[in-house]
Amino acid sequence: AKAEGKDTYRYFEASMGAEARDKRVMEHDLRQAVARNEFRLVYQPQKEISTGKMIGFEALIRWRHPERGDVPPAVFIPVAEDSGAIVQIGDWVMATACEEAARWKNPLTIAVNVSAVQLHNPNFSRKVHEVLLRSGLAPGRLELEITETALVKDMPRALATLRQVKALGVRVAMDDFGTGYSSLSNLRAFPFDKIKIDGSFIKSVDSNGQVAAIVRAVLGLGRGLGLPVLAEGVETLGELKFLDAEACEIGQGYYLGRPSPIETFGELTGVTAPV
Ligand code: C2E
Ligand code: CA
Ligand code: CA
Ligand code: CA
């Protein structure tokens, strides 16, 4: 269960405060988790809305702690970012996702989340290049999902890095669009290939007029800029129908497919047994 991972770290009673203590323990555990093989990737379908055709997957990390069980990424990714462990974890995600995708029988795209700390690491684009060479994945199949908060830390450096990865032929998507605070100027300043509307805007898009107006505006923005828009968090047929009627290009969400081990999609990928 989702809340469990969060709570199981909160059992110390110490003067420094349970929260801070939990964080230190988790930081320590995270530093060993790659070597101990505690991470794996699940894959969530991204589909063309008008046809239902599968376009690709987003890779989402899962952590099974040997004693604490599943710890959700929303709990451990921020801790890994603070401690710097995200660089090693992110390298593992990138390499694993590209190596797995290179073996699929269909050339589906693979979207990988990149955190701010990774993006601002001076070696980032060189590492992406190396992973592509080693895995043999066609660069055009890799899409990096980057949030606005990752950009604002050091905009000139983020821009330089995005240009470098784009020169490799890799695509970049603006993730969680609408949740940042300067979305419009960032869309102009950075060479994005796609806009991902955050799931919080898709929930109730078919029943709430204000939310619908916002989503329509984002779709108009995408059209004007020539960028396809992906709606995340599509949970119901009603939401999907709204998005289809408004000509939203791509959808992702529980209604279209849950994040699952890759062998769940064996028919498309040819991967039939756990690796
Ligand atoms: P995100 O990038 O916005 O990913 C989408 C999240 O929404 C995922 O949660 C996914 O499982 C969930 N989701 C998908 N469809 C639905 C739906 O229909 N309804 C609802 N309510 N949720 C849906 P998850 O896997 O728990 O990941 C949470 C966040 O953790 C991600 O948000 C991303 O920011 C971060 N994350 C996950 N994997 C990685 C990774 O490999 N690297 C980095 N840096 N961050 C990651
Ligand atoms: Ca994402
Ligand atoms: Ca999101
Ligand atoms: Ca809804």
Side-chain angles (χ1 to χ4, degrees), residues 1-6 30 33-34 38-47 49 56-64 70-98 100-101 109-121 124 127-128 131 142-151 171-180 183 192 194-206 215 218 229-240 243 250-261 264:
K2 282 228 150 173
E4 253 172 52
K6 189 167 192 155
L30 279 170
V34 170
E38 292 169 7
F39 292 119
R40 67 199 163 85
L41 295 178
V42 290
Y43 294 87
Q44 186 173 34
Q46 300 182 328
K47 292 181 174 172
I49 291 178
F57 295 102
E58 177 177 5
L60 294 159
I61 194 168
R62 295 293 178 263
W63 182 23
R64 177 153 295 168
D70 292 330
V71 185
V75 172
F76 73 82
I77 291 285
V79 177
E81 285 174 336
D82 278 358
S83 71
I86 191 68
V87 174
Q88 192 203 10
I89 296 170
D91 288 349
W92 178 87
V93 170
M94 186 79 68
T96 306
C98 291
E100 292 192 356
T109 63
I110 177 69
V112 173
N113 291 285
V114 173
S115 89
V117 185
Q118 285 175 274
L119 190 71
H120 290 89
N121 187 303
F124 181 74
K127 282 192 205 172
V128 172
V131 167
L142 178 61
E143 186 164 272
L144 305 180
E145 297 197 356
I146 295 164
T147 63
E148 286 173 87
T149 30
L151 302 173
R171 291 179 302 157
V172 290
M174 184 184 272
D175 206 359
D176 294 344
F177 186 79
T179 62
S183 314
F192 284 104
K194 186 181 284 175
I195 299 171
K196 285 194 82 171
I197 313 181
D198 190 63
S200 57
F201 294 101
I202 305 309
K203 205 177 157 80
S204 71
V205 74
D206 52 334
V215 170
V218 176
V229 176
L230 182 154
E232 65 173 29
V234 180
E235 292 184 349
T236 68
L237 178 62
E239 291 162 6
L240 186 66
L243 293 164
I250 310 161
Q252 179 182 350
Y254 296 161
Y255 187 78
L256 297 167
R258 298 223 164 219
S260 310
T264 313

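Numbering of ligands and ligand atoms starts at 1, following listing order.
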| query | Under 3.5 Å between some N or O of ligand 1 and some N or O of Q44? | reply | yes
| remark: Shortest non-hydrogen pair, A97 vs I110, comes out as CB-CG1, 4.0 Å
| said: Below 30° counts as parallel, above 60° as perpendicular, anything between as tilted: where do the rings of F39 and W63 land? | reply: tilted
| Side chain, backbone, both or neither: which part of K203 has a heavy atom under 4.0 Å from ligand 1? | neither
| Would N113 count as a contact for the Ca ion (ligand 2), in the sense that one of its N, O or S atoms lies under 3.0 Å from it? | yes
| query | Would you say P259 touches ligand 1, if touching means a heavy atom closer than 4.0 Å? | reply | yes
| task | Could you list the atoms of ligand 1 found under 4.0 angstrom from a heavy atom of D175? | result | 2 (O)
| query | Quick one: does Q46's side chain get under 4.5 Å of K196's, heavy atoms only? | reply | yes
| ligand 1 atoms in contact with E58 (distance to a heavy atom under 4.0 Å) | 2 (O), 4 (O)
| field | Whether E232 side chain and G199 backbone form a donor-acceptor pair below 3.5 Å | value | yes
| said: Between the Ca ion (ligand 2) and E58, which N, O or S atom of the residue is the nearest one? | reply: OE2
| remark: Closest to the Ca ion (ligand 3), among the N/O/S atoms of D198, is atom OD1
| query | Does N113 approach ligand 1 within less than 4.0 angstrom via side chain, backbone, both or neither, non-hydrogen atoms only? | reply | both
| task | Would you indicate whether the side-chain heavy atoms of I61 and W92 approach each other to under 4.5 Å? | result | yes
| remark: Numbered in order shown, the ligand 1 atoms found under 4.0 Å of a heavy atom of S115 are 44 (N)
| task | Please report the shortest heavy-atom distance between Q118 and D91, naming the atom on each side. | result | NE2-N, 4.2 Å
| query | Below 3.0 Å, any N, O or S contact between D176 and the Ca ion (ligand 3)? | reply | yes
| Looking at D175, which of its N, O or S atoms is the nearest one to the Ca ion (ligand 2)? | OD2
| Among the heavy atoms of R62, does any lie under 4.0 Å from an atom of ligand 1? | yes
| Just which atoms of ligand 1 are under 4.0 Å from any heavy atom in V93? | 41 (O)
| field | Flag, side chain of Q44 to backbone of G257, donor-acceptor distance under 3.5 Å | value | yes
| note | One finds that the ligand 1 atoms under 4.0 Å from a non-hydrogen atom of D176 are 3 (O)
| Contact check, P72 vs ligand 1, heavy-atom distance below 4.0 Å | no
| query | Tell me, which N, O or S atom in E145 is closest to the Ca ion (ligand 2)? | reply | OE1
| For ligand 1, is there an N or O atom under 3.5 Å from any N or O atom of I61? | yes
| Taking the side chain as C-beta and beyond, is there a heavy-atom pair between I250 and I49 under 4.5 Å? | no
| Side chain to side chain, N113 and I77, heavy atoms closer than 4.5 Å | no
| Taking C-beta and beyond as the side chain, do L60 and P73 meet within less than 4.5 Å on heavy atoms? | no
| request: Decide yes or no for T109 and E143: does some side-chain heavy atom of the first lie under 4.5 Å from some side-chain heavy atom of the second? | output: no
| task | Check whether any N or O atom of E235, backbone or side chain, sits under 3.5 Å from an N or O atom of ligand 1, and answer yes or no. | result | yes
| Does an N or O from Y254, backbone or side chain, lie closer than 3.5 Å to an N or O of ligand 1? | yes
| query | Has the side chain of K47 got a donor or acceptor atom that lies under 3.5 Å from a matching backbone atom of L256? | reply | yes
| request: Flag E232 as yes if one of its N/O/S atoms falls below 3.0 Å of the Ca ion (ligand 2), otherwise no. | output: no
| query | Does the T179 side chain pair with the main chain of D176, one donor and one acceptor, at a distance under 3.5 Å? | reply | yes
